[in-house]
Every structure is written in structure tokens, then in C-alpha cells.
Amino acid sequence: MFAPAENRTIITAGALSLGGIVLFVCLAVAALLLASGDFGKGTLFDAYIWRVTRFTLLQATLSTLLSVVLAIPIARALARRSAFPGRVWVLRLMALPLGLPVLVGALGLIEIWGRQGVLNTALAELGLQQPVSIYGLFGILLAHVFFNMPLVARLFLSGLERIPPEYWRTSANLGMPPGAVFRFVEWPVLRGLLPGAAGLVFMLCATSFTLVLTLGGGPAASTIEVAIYQALRFDFDPQRAIALSALQIAMTGVLLLILARLATEPAEGATGGGAARRYDTGSGWSQVFDAGWILFALLFIGAPLITVLASGLSADLVKLAGDPTVHRALITSIVIAVLSALLCVTIAAAMIRAGGTVTARRHVPTLAKAFAGTITASTSLVLLVPPVVLGAGWFLLLRPFGDVARFAPAIVVAINALMALPFVHRILAPAMATHAARTDRLTASLGIRGFHRLRWIDLPPLRKPLLMAASFAMALSLGDLGAVALFGSQDMVTLPWLLYSRMGSYRTTDAAGLALFLGLLCLIFTMLGTAGDRRMPEGRNA
Amino acid sequence: MISKAAVELAGVDIRYDTTALHFDCVVPPGGIVAVAGASGSGKSTLFHVIAGFEQPDSGEVRILGEAMSGRAPSERPVSVVFQDNNLFAHLDVVTNVGFGISPSLRLSTADRGRIDDALHRVGLDGFGKRLPSTLSGGERQRVALARALVRHRPLLLLDEPFAALDPGMRSGMRVLLRDLHRQEMNTILLITHHPDDVRALADSVLFLDRGRIIAHDPVERFLNRRDVAAINDFLGNGDAA
């Protein structure tokens, strides 16, 4: 950090990574914008596009509202009941949707809420004919709540657990009733977290692809991302894809700006330390109320997972395990996941280190500040230009060079790496900053540099966050359907794509078995990376 | 023969956004110099300039007569012991000391003997395989001192090395430092907030106030000064000024 030659190497590596990302995204966007000379001549005002946009915003708003409204009582119940047997398992269960491939979660929900699902079968036995349909707006909302409500509840819970213990003692000493405790102690914390959490969920739902493709997809229930995919893959209408992509970028741009303004940390009260013991847990009604919400969370999140497990186990797993197509898909998925995770972690680490190096000086030049700022912003580029839009751009860009499928592996790896970048950055940046603060001066003073620094000083303490970041990136890539949906072919089939195909051809038993394989694989990757560490990144694109 | 100054700061300017520091001083070789002053007076910045962690905006730093401009921290004839984070927490004591001999940890049998000897000199026989987390604050600082010993640099900068230690450990470390200095005959610059450290260890005192060195006195003279309010505050002389 203090040796000029080493600094140059670090900054060059970061600049190259940044340049690669910007080039990859800009080329895709430029390809979209340049692909059609007629762009803008009425296409944007097409009734279909406006309908898709309206639906995108409607489902995102309702999904956010439901996720947040349900998360509040669940988080409160878990915060108040801090010591019941099995609480840690409830919390682990609530972390599961985060690492679960979206398609597997969707399959679990179909098993419960679908036409032949557990719920509809039970209702039919009660004499009701097809009372619930998982397909369309209801299913999309249900799935978005399944994936995002636990995330919001965990965010709220961690906020509630940070409330200083003195607040609980004071409220008990003053004899505050539960309503007053909520209004004056809990709500101020939740209110501080609410805009950021709601904004994040809204963003995830507005850019949702796989769930909408699986549970919606028809003209009446399609989001912009799905419409882009359909325009390219089925309608062969690049112009429409371009218009939709431009709309998507504009919408996500506005959302990101709003999100950046909303995401404020609540002020933390001063505390004398010590574990927070709550005194408002005694009344019988509050116990019933809390138990009810915790049970609801358990059933809502746990039931689809159990059905995935049960259906998966009832499939002919031996036959599936011996199927060459499954072998190929499994190997392809793992290779893509490993490569994209390596790429993602390498460029994230290079950029974080470069950003830290240029801003470590006493006088930080404007150019260096801009460089560091661009590095941070670039890790979120995939939120501005979602995978399907990137895929669409590269699809158009590569078309003149022959069969697009030839380039599929490289593009899918790059898109998956980019997709994981915001989360990997979120895991690595604080760990690397703390490590640098602890070791930079000492290593500079002792002259420990280059490979020796990496081997002796950096890798051992950073192994855990690096492994966690890599495992999360792998799990994300393993479960991805977005990039591979555009580029997938007979030569490149991944597990999610195979699962989606089997679901589409009504080979549901096979699909259940594949879902079990995929779910377990992701779980193994996530567990490998998070062994002994309770921190998890927040938010993923459903 | 006139020996070269251990440290010479000639018109050194450091400018921050809201404040500016200016250092001019000559530290003769061989003594223990206490660097004192209120928080924010510029003591750590002074150390960072000498050690090479900060580049001056103007002026020159010379160590043993050699200009240090453009030389990386590890290329300067300086060892540094920080207030904390002196040791790599995931590496054992021997490895931490070993970096003082070879930054790539290529250690010969003779080198390992030197490490054992250094640990013996700081009173840590048999601690080689221990991890820093199993050591007390005083023991950790002794390991850092052992590493400084094997580096054999003529200038040792100690940035509040006793800050986190209880009074008993402080006293033990002072004795150890005095002994080591007697054996090594190096120059030690020691940042401290404690007049007791000055009385027990220092041959002279550099006193800083608001980014300037306002006094550079032999210790007896410094301890008897009553003419500067900041020094009186430091020495606990009440309103003598």
C-alpha cells in the first residue's frame, strides 16, 4: 500500500477489472441501441409494452407491500421470543430461500398451491372446485413473498436485536403496554429500516425473471424482463426487445436512485452493553400472537421446501443420476458456476483493493475519488442493466458472427459473474477494508510484498470471506435461468434449464428429482462457504 | 568525529484539508527520545513521516545522514512498533518474529536461532508456537520488540507501545526497553502520553503542540519547564504558566 511499484500493480489490476465490466455492459447496451434505426418510432408507446410495464410495477408494489407487512409481526415475534427451543432452526429456515435456486422454490410452491397441489387437493375434498390458481398475479406475488419476506424479516429482526437493552429496561420500568412499546421503541427502528428494505424488495421484484417466466409469462402476467426474453427467443423481434430493454434500464435507473436516497441507517442508541432481555413477553395473548406468527412463517417457508424434498425423493433418482443428459447438465452447471465464481471474486477483490489503495492517500485527487466511486458503482451495474438485458445485447452483438450458441459458455459465465458481483462486493469489501487497516502499515514496514504477502498475510485471514463470497456466487450461478435462457441450446444445457424444460413438458416427477439435486447442490455450496459464519449477504434477484 | 544525526527533519510540511503541520528538528543518535504532546498535536504524523507511511508535501527527511525521499517504509533503516495490531493474528510467534529477518519467510537454522535468542531476550522463552490471541497485551508487545531486535535497524519508533498495558506491565516493559536499548545502542523515539514514561526512560523530549515541535529538551530541563501551558498540562503542573 505504501510502495509505489506495488500500488501501480494494484491500481492497474483494479482498473483492468473495472474496464472489463464497463466494456461488457456498455457493448451490450450499445448493441441494443444501435441494432435498430427505427428505435423510438412508436415502439415505446406500443400498448403491449405499456401493459407489461404497468404489470411489472403493480406486481412489484404488491409483492413489496405483502413482504413488508408480513415481515413486521414475524420479526417482532422472533425478537420477543429470544430463547424458545428450535429458534435457531427457524432462523436457519428463514435464511434458506436466499440460497435456494428460484426454480426450486417455484416448484415447491406449485407442489403446495398448484392445480394438483396439497392445498387445492385439500380444498377440493372440502367440495371447492379449483379455488386457487398459482399461475398469474397470485402465484407471482406468492413466490415473491416466499423469497423476500424472510429476507425483510431477518433485516428487521437484526434491527430489533440492536435496540439497546436500556430501552427495554426503561419501557418495563415505565410499565409501557405492548402498543406503546411498539410505537415508541420498535417502530422507530423499523421505520429506519423500512425504506431500504422495501426499496430492495421492490427492485428485486421489478427485475424478477425466473419466477415470472415460470408462474406468469402470458401476455396478462409478464414483466419487462420476461417480455425481453420472449421478444428475442420466440417473437424474433429485436426492436421490441430494444424498446423494452431501454425501458428496463430507465426504470431500474430511477429505482436505484430512489433506493440510494432511501437506504439510511437508523441512529443507534447508546448502550452500556449486555444481552438484551425483554420484559414484554409475559402476557398470554402476546404468547399466542407470537406463536401464531412464528408458526405461519414455519409453514409458509417450510412447507414448499418439504414438498420439494418429498417429491424429489419419490422421483426415480437412480434413473436420473444415470441419465447422460443430467450428467452433462450437472457438469455444465458446475463448470459455469466455478468459473463465474472465480471470475467474480477475482475482479471484486482486485477492484476493492484498488479502490482502497487510491483513497488511502492523504490528498485524494479528484480523479482517484472518481475511480473509487466508479468501482463501487460498477459492482451494482447489473442491477441497472439486468442479466436478461445484458444477454439481449450480447445476443444481438454476436448474431453477425454466426451461431450465437458458440459463444454461450463465455457469455453465461460473464453474466453470472456480474450478477453475483453486488453480493460478493458486499461480503468482501468490509472484510478487506478491516484486513487492510490491520496489516497495511505493518507489511509495508517489514517489506512483505507480492506473492509472499498474498500467501502469508492476506489469504489466511481472508479465506473465510473469500470462500463465502465464492460459494454464494456459485450458488447464484447454479440456480440461474436468466442468462442461460437466451443462450442455452442443445449443446449447452444447465440443471435449471433442464429442470425448466422438464416442467414445461409435464415430466413433473423428473423435474422434482432434478429440483432436489439442484437444491441440495446449492445448499452444499452455501454451507461450504458459510460454515462457522452466521453472516449472509442480503438480497438476491428472484 | 562528528556522528550523523539519527533523524533530521528539515522544513517538513504536511498539509491536510483543514490543518497543516510543520516539523524541524535534529535528533542525535543513541538516545531514547520521548515524543509527547496532546492528542491531535501531530505525534503519529511525525512518526509516519519518518517511517515512510506519509510523504511530506515539502521539506526533507534524513536518517543517519541519508535522504529518505522516495524510499519505501521497508527500505528505511527503521523498525516500528505500533500501539496495537503489531502481530499477524493467524501466525504464531516464531513466524511473526521471522518476518523481521526475511519478508518471504525463508529462514535458515541460524535465523531460527536468532529468533529464539530474541525471544529469550524479551523474556518469552517457549512462546514460539503460541498464537497472538493466547498472549497478554504485554507479551504481544514483547514479540513485536523481539522482531525489532532481529531486524537490527538503527532507529526504533515506538508508537504508544504501553498504551493498552496495566501499570505492572508498563513498569516491566520500561525496564525491558531500557535494557534492550543499553545492549543495542540504537536510537529510540517513543510516543507517550505519560510523564512517568518520560521520567523513567527518556534522555530527551520532543514536545509537539498543534502540529509544531515547540520544545526539544534534555529530560531534566523539560521536567522543570514551567513556561509553556501545554507542557504544564502534560506534566500536571496545574496553572504554573
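From a predicted model like this one, the values you see are computed outputs, not experimental measurements. Note on naming: letters A, B, ... go to the chains in the order of the sequence lines (proteins, then strands), and numbering restarts at 1 for each one.
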Visitor: Do A/Leu442 and B/Phe99 come within less than 4.5 Å of each other through their side chains, counting heavy atoms only?
Guide: no
Visitor: Does the side chain of A/Ser445 come within less than 4.5 Å of B/Arg151's, by heavy atoms?
Guide: yes
Visitor: Might you confirm whether atom CZ of A/Arg87 has over 12 heavy atoms from other residues, nucleotides or ligands at distances under 6.0 Å?
Guide: yes
Visitor: Specify which of B/Leu91, B/Asn86, B/Asn85, B/Thr95 makes the most heavy-atom pairs with chain A at under 4.5 Å.
Guide: B/Asn85
Visitor: What part of B/Arg106 gets closer than 4.5 Å to chain A, counting heavy atoms only: side chain, backbone, both or neither?
Guide: side chain
Visitor: Quick check on the interface: out of B/Leu87, B/Asp57, B/Asp84, who has the most heavy-atom pairs with chain A under 4.5 Å?
Guide: B/Asp57
Visitor: Kindly check if the number of other-residue, nucleotide or ligand heavy atoms within 6.0 Å of CZ (A/Arg463) is above 12?
Guide: no
Visitor: Examine whether an atom of B/Arg147 lies under 4.5 Å from a heavy atom of chain A, and if so say whether it belongs to the side chain, the backbone or both; otherwise answer neither.
Guide: side chain
Visitor: Identify the heavy atoms of B/Pro103 and A/His452 that sit nearest to each other, and give their distance.
Guide: O-CB, 3.9 Å
Visitor: Could you tell me which non-hydrogen atom of A/Arg449 sits nearest to which non-hydrogen atom of B/Ala72, and how far apart they are?
Guide: NH2-CB, 3.9 Å
Visitor: Report the distance from atom CG of A/Leu446 to atom CZ of B/Phe88, rounding to the nearest 0.5 Å.
Guide: 6.0 Å
Visitor: What heavy-atom pair brings B/Pro73 and A/Ala444 nearest, and what distance separates the two atoms?
Guide: CB-O, 3.6 Å
Visitor: Has A/Arg438 got more than 12 heavy atoms of other residues, nucleotides or ligands less than 6.0 Å from its CZ?
Guide: no
Visitor: Quick one: ring-ring contact (aromatic ring centres under 6.0 Å, His included) pairs with a partner in residues 5-48 of chain B, sequence neighbours left out?
Guide: B/His48-B/Phe53
Visitor: Would you call A/Arg455 and B/Leu105 a side-chain contact if the rule is heavy atoms closer than 4.5 Å?
Guide: no
